[in-house]
Amino acid sequence: MEQKKRRTQKKEIVKETRDLKLVFGKSGAGNMTPRVNLPMAWVKHMGLDLDEREIEVTYSPRTKKITIRKKSSNVSEEEVGE
């Protein structure tokens, strides 16, 4: 008997842009902290969750762009020694 292959249809995220607002929180000392809330679909698609939530954020002053990436768990020994 021939087995049928099951294909799980994951909702693929095609390049998507959303307009979000910064949220500013005030600490007890009066300092302001900016935060941004990301859509849960994006976070899940990146493979982030409560157990794996390390990200790398890069800011380019020339292009004025912020890039968010899932931090690689494959850290070389050279990076650990720094």
Side-chain angles (χ1 to χ4, degrees):
M1 184 184 296
E2 188 178 324
Q3 290 182 342
K4 291 183 180 178
K5 293 183 180 180
R6 291 186 181 181
R7 293 184 183 181
T8 55
Q9 299 256 342
K10 289 187 178 180
K11 187 176 179 183
E12 185 176 333
I13 297 178
V14 182
K15 190 172 184 177
E16 182 180 347
T17 301
R18 293 196 188 181
D19 293 330
L20 305 174
K21 289 191 178 189
L22 282 176
V23 177
F24 288 91
K26 198 172 190 182
S27 72
N31 299 322
M32 299 294 283
T33 302
R35 298 177 189 268
V36 64
N37 293 316
L38 301 174
M40 184 55 95
W42 295 0
V43 172
K44 286 182 179 179
H45 189 264
M46 290 177 70
L48 298 167
D49 57 25
L50 289 172
D51 295 326
E52 196 158 340
R53 56 186 180 169
E54 296 285 325
I55 60 171
E56 176 184 285
V57 181
T58 306
Y59 174 67
S60 173
R62 185 178 60 81
T63 60
K64 295 186 179 180
K65 288 187 179 183
I66 297 172
T67 305
I68 301 172
R69 293 184 180 166
K70 181 178 178 180
K71 191 168 183 179
S72 174
S73 58
N74 299 336
V75 179
S76 69
E77 290 181 19
E78 294 175 6
E79 292 173 334
V80 173
E82 293 179 8

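The structure presented is a predicted model; accordingly, all values stated were derived computationally and were not measured.
- Under the 4.5 Å side-chain contact rule for hydrophobic residues, Tyr59 and Leu38 share a cluster.
- You'll find the side chain of Phe24 stays beyond 4.5 Å of the side chain of Arg35, heavy atoms only.
- The 12-atom threshold is not exceeded at CE of Met40, counting heavy atoms of other residues, nucleotides or ligands nearer than 6.0 Å.
- For the atom pair CD (Glu52) and CE (Met46), the distance works out to 10.5 Å, reported to the nearest 0.5 Å.
- Using a 4.5 Å heavy-atom threshold, the side chains of Leu20 and Asn37 count as separate.
- The 12-atom threshold is not exceeded at NZ of Lys44, counting heavy atoms of other residues, nucleotides or ligands nearer than 6.0 Å.
- We find the CG-CD1 distance between Leu48 and Ile68 to be 9.5 Å, quoted to the nearest 0.5 Å.
- For Arg18, the CZ atom is densely surrounded, since the number of other residues' heavy atoms within 6.0 Å is greater than 12.
- Between Ile66 and Val36 the shortest side-chain heavy-atom distance does not fall below 4.5 Å.
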